[in-house]
Amino acid sequence: MPSLAILQKTNLSELDDPRLFREFAYVDGAWTAGSGEGGIVVVDPASGSRIGTVPKLTADDAEKAIAAAHAAFSGWSLRPAEERRAILRNWHGLVLQAKDDLARLMVQEQGKPLSEARGEIDYAASFIDFYADEAVRLNVETVTSHLPDADMQVMRQPVGVAALVTPWNFPAAMLTRKAAAALAAGCTIVAHPSSETPFSALALAELAERAGFPSGVFNVLTGSAATVVGAMTKSPLVRALSFTGSTEIGRLLYEQSAPTIKRLIMELGGHAPFIAFADCDLDGAVDRAISAKFATSGQDCLAANRFYIERPIYERFVAAFAERVRAMTVGEGMTDPDIGPLINGRAVAKQQQHVTDALERGARLVTGGKIASAGPNFYEPTVLADVPADAAIFREETFGPVAAFAPFDDEAEVLRQANHTETGLVAYLHTSDPARIARFSRGLEFGMVAVNRTKITGAPVPFGGVKQAGLAREGSRHGMEAYTDLKYICRDLG
Ligand code: NAP
């Protein structure tokens with residue numbers, strides 16, 4: 001089987017379950033090459049070698065897939081919620097059973113360190129588990145009538161076909177966070193995974209098929225995003241669109257969705273501030289700063305991009321952080337280093353551009369600052385100190401392993417600097433002063449605030465941003481809202 005030979009060639013040991021590696025799209029319960037010419041070659045970002053090819057579906061193929069999802073909708077949505085829960089539970093169990101293979105596939109196409117890939121599979125599975133149970137809790141409420149002789153009911157109903165568009169940095173978890181919520185609500189889905197990392201989504205589709213999702217309910221469409229996602233946004237049959245990716249593409253899809261008034265969920269870019277006051281636990285804050293910056297090699301929308309440290313601890317903080325960074329390992333994901341490859345050459349160029357720009361504006365290079373010896377897609381974990389506010393790295397998301405520091409003297413000033421962004425996704429605060437925690441919890445213009453810790457996300461809590469960081473929420477019961485409409489029924493009793 002050529003696909004396995006390729007996996008072996010690129011040093012990935014053979015998958016325990018070879019059928020998880022699929023070089024086809026999954027439409028209406030069948031694996032298909034579509035009708036497009038050629039395919040999209042997927043490469044290992046560590047070595048640049050070819051992993052495999054996925055089909056380039058045409059707009060016509062995408063429309064047929066949407067029609068299949070639409071045809072499957074009434075059967076799926078009318079099934080008793082317990083049956084939807086049972087199938088989601090099957091899927092959850094199969095994903096956990098296949099964890100090693102799914103993690104290896106992810107390392108191969110995404111590059112992230114193996115232990116992070118394994119962690120992502122657990123995280124991905126947790127959304128399926130959570131929403132399996134939520135399927136039976138889509139409540140029906142009754143209302144005490146304000147009208148004479150009337151009986152009132154409010155129910156939530158699934159909207160129909162949901163389009164899911166996912167990025168390459170969390171190729172499994174971003175799919176399950178969307179798909180599990182939509183499927184639990186009773187929607188059917190057409191998903192487009194990033195062409196950089198389609199194989200994780202296709203493996204999840206294989207497991208979904210085994211779990212018992214009926215034909216047409218779960219579809220994964222590979223191909224040029226402009227073509228495939230363009231067909232989704234254009235289609236009046238697609239009622240909801242959930243997108244995770246850059247703000248730029250989010251804006252485009254928002255516009256494309258306007259003519260058909262789609263329900264939108266958008267999880268867009270981040271540009272997180274990390275604020276540490278002199279009264280914080282310095283060692284703990286440094287540990288958390290490392291984790292907030294370097295998870296997924298810095299390619300994380302939650303990655304801390306701007307470190308503001310109160311002046312009395314500034315030099316000590318930067319020195320302790322840099323010491324940890326100098327000890328970091330950089331290498332191919334299967335060797336489980338601290339830092340893996342970046343996704344492609346454009347990502348590497350962006351690191352270099354942000355470093356050069358900061359240095360030209362007077363920043364100090366503490367460590368790193370160049371392409372790593374492991375290969376052209378690897379960038380050294382880097383620390384920049386005394387970064388001026390007008391440097392590019394303080395104005396836009398870096399999405400890589402470069403940490404930028406600046407001192408501050410005043411609480412109001414640092415709050416203003418932290419809020420000086422349109423991408424209000426997450427902010428990190430380190431202080432032991434309860435009154436300050438209360439002031440910042442209110443004052444930080446972000447959808448999520450992490451106080452004296454970094455790991456804050458999970459299936460039961462709402463994930464999302466304010467301002468131009470996005471729309472609506474994923475995770476928690478709120479993550480099902482955009483996949484459902486409220487219906488009010490008033491019956492006359494007269
Ligand atoms: P991206 O370029 O916006 O791509 C995201 C998705 O959109 C991919 O499936 C991509 O497909 C598709 N796409 C690209 N161009 C398109 C077009 N013209 N029409 C329709 N779809 C299109 O973003 P990315 O580079 O993959 O991801 C990085 C960004 O995502 C960062 O800004 C990061 O902060 C953000 N992100 C946010 C969250 C969150 O939850 N807030 C989580 C993770 C990432 P192709 O890859 O096939 O082009």
Side-chain angles (χ1 to χ4, degrees), residues 25 39-43 45 54-57 59 62 109-110 112 120 123-124 127 163-178 190-201 220-234 238 241-257 265-272 295-305 342-347 350 396-400 421-426 446-448 456-458 461-475 479:
I40 294 178
V41 175
V42 182
V43 298
V54 291
K56 238 183 196 170
L57 298 194
E109 64 177 358
Q110 204 283 337
K112 65 176 66 182
E120 183 179 337
Y123 184 52
F127 289 105
L164 316 178
V165 184
T166 58
W168 47 263
N169 60 345
F170 287 89
M174 294 306 97
L175 182 76
T176 59
R177 191 164 76 179
K178 297 175 191 311
V190 285
H192 171 74
S194 167
S195 302
E196 308 270 9
T197 57
F199 292 121
S200 294
V220 177
L221 281 57
T222 58
S224 144
T227 305
V228 169
V229 180
M232 293 176 184
T233 52
K234 207 167 152 195
V238 172
L241 171 76
S242 178
F243 170 74
T244 297
S246 61
T247 308
E248 183 198 351
I249 302 295
R251 263 187 214 114
L252 178 76
L253 301 187
Y254 200 155
E255 211 176 301
Q256 290 179 4
S257 299
I265 300 173
M266 298 234 159
E267 302 293 357
L268 308 177
H271 184 37
T296 326
S297 310
Q299 303 171 112
D300 188 335
C301 53
L302 300 182
N305 217 48
L342 299 187
I343 192 70
N344 53 34
R346 286 192 307 283
K350 188 164 192 191
E396 60 185 59
E397 190 179 32
T398 305
F399 231 55
T421 177
E422 280 300 315
T423 47
L425 186 61
V426 67
F446 293 82
M448 298 174 282
I456 62 165
T457 60
V461 290
F463 184 108
V466 301
K467 300 198 237 175
Q468 295 183 31
L471 282 176
R473 292 293 179 267
E474 290 193 316

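Both ligands and their constituent atoms are indexed starting at 1 by order of listing.
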| query | Can you tell which of Glu267, Glu474, Arg177 makes a side chain to side chain donor-acceptor pair (under 3.5 Å) with Ser242? | reply |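 It is Glu474, the one option of Glu267, Glu474, Arg177 that forms the side chain to side chain donor-acceptor pair (under 3.5 Å) with Ser242.
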| Option from His271, Glu397, Glu396 for which side chain to side chain donor-acceptor pair (under 3.5 Å) with Asn305 holds |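 Testing each of His271, Glu397, Glu396 against Asn305, the sole residue satisfying side chain to side chain donor-acceptor pair (under 3.5 Å) is His271.
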For [X], the ligand 1 atoms whose distance to one of its heavy atoms is below 4.0 Å:
X: Thr244; result: 5 (C), 36 (N), 37 (C), 38 (C), 39 (C), 40 (O), 42 (C), 43 (C), 44 (C)
X: Leu425; result: 41 (N)
X: Gly270; result: 34 (O)
X: Gly269; result: 32 (O), 34 (O)
X: Pro167; result: 26 (O), 27 (O), 43 (C)
X: Asn169; result: 43 (C), 44 (C)

Under 4.0 Å from ligand 1, counting heavy atoms only, is it the side chain of [X], its backbone, both or neither?
X: Leu268; answer: backbone
X: Thr166; answer: backbone
X: Ile249; answer: side chain
X: Glu248; answer: neither
X: Arg177; answer: side chain

| said: Quick check against the 3.5 Å criterion: does Gln110 have a side-chain atom that pairs as donor or acceptor with the backbone of Thr197? | reply: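 Side chain of Gln110 to backbone of Thr197: no pair is present.
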| query | Under 3.5 Å, is there a donor-acceptor pair between the side chain of Arg473 and the main chain of Ile265? | reply |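 No; judged by distance alone, with no hydrogens or angles, the pair does not exist.
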Closest non-hydrogen protein atom to [atom], residue and atom name please, with distance?
atom: atom 35 (C) of ligand 1; answer: Gly245 O, 3.2 Å
atom: atom 47 (O) of ligand 1; answer: Ser195 OG, 2.6 Å
atom: atom 7 (O) of ligand 1; answer: Phe243 CE1, 3.2 Å
atom: atom 14 (C) of ligand 1; answer: Ala225 CB, 3.9 Å
atom: atom 34 (O) of ligand 1; answer: Glu397 OE2, 2.7 Å

| said: If we count only non-hydrogen protein atoms and require a distance under 4.0 Å, does atom 40 (O) of ligand 1 qualify as touching the protein? | reply: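 Yes.
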| request: Would you check the N or O atoms of Trp168, main chain and side chain alike, for any that come under 3.5 Å of an N or O of ligand 1? | output: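 In this structure, Trp168 places an N or O atom under 3.5 Å from an N or O of ligand 1.
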| said: Polar contacts were defined as any N/O atom of the residue lying under 3.5 Å from an N/O atom of the ligand; does this apply to Ser246 and ligand 1? | reply: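 Indeed, backbone or side chain, Ser246 has an N or O that close.
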| message | With the threshold set at under 4.0 angstrom, would you say Gly470 reaches ligand 1 through any of its heavy atoms? | response |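 No, Gly470 has no heavy atoms under 4.0 Å from ligand 1.
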| query | Is ligand 1 less than 4.0 angstrom away from at least one heavy atom of Phe170? | reply |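 Heavy atoms of Phe170 never come under 4.0 Å of ligand 1.
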| By side chain to side chain donor-acceptor pair (under 3.5 Å) - contacts of Ser257 (at least two apart) |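 Not a single residue meets the side chain to side chain donor-acceptor pair (under 3.5 Å) criterion with Ser257.
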| Cation-pi geometry met for Lys112 and Phe170 (6.0 Å, 45°) |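 Satisfied, under 6.0 Å and within 45°.
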| said: Strictly by salt bridge (charged side-chain N to carboxylate O under 4.0 Å, His left out), give each pair with a member in residues 221-234 just once, sequence neighbours left out. | reply: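 Sorted result for residues 221-234: empty, none.
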| field | Atom OH of Tyr254: over 12 foreign heavy atoms under 6.0 Å | value |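 No, OH of Tyr254 has 12 or fewer neighbouring heavy atoms, counting only those of other groups under 6.0 Å.
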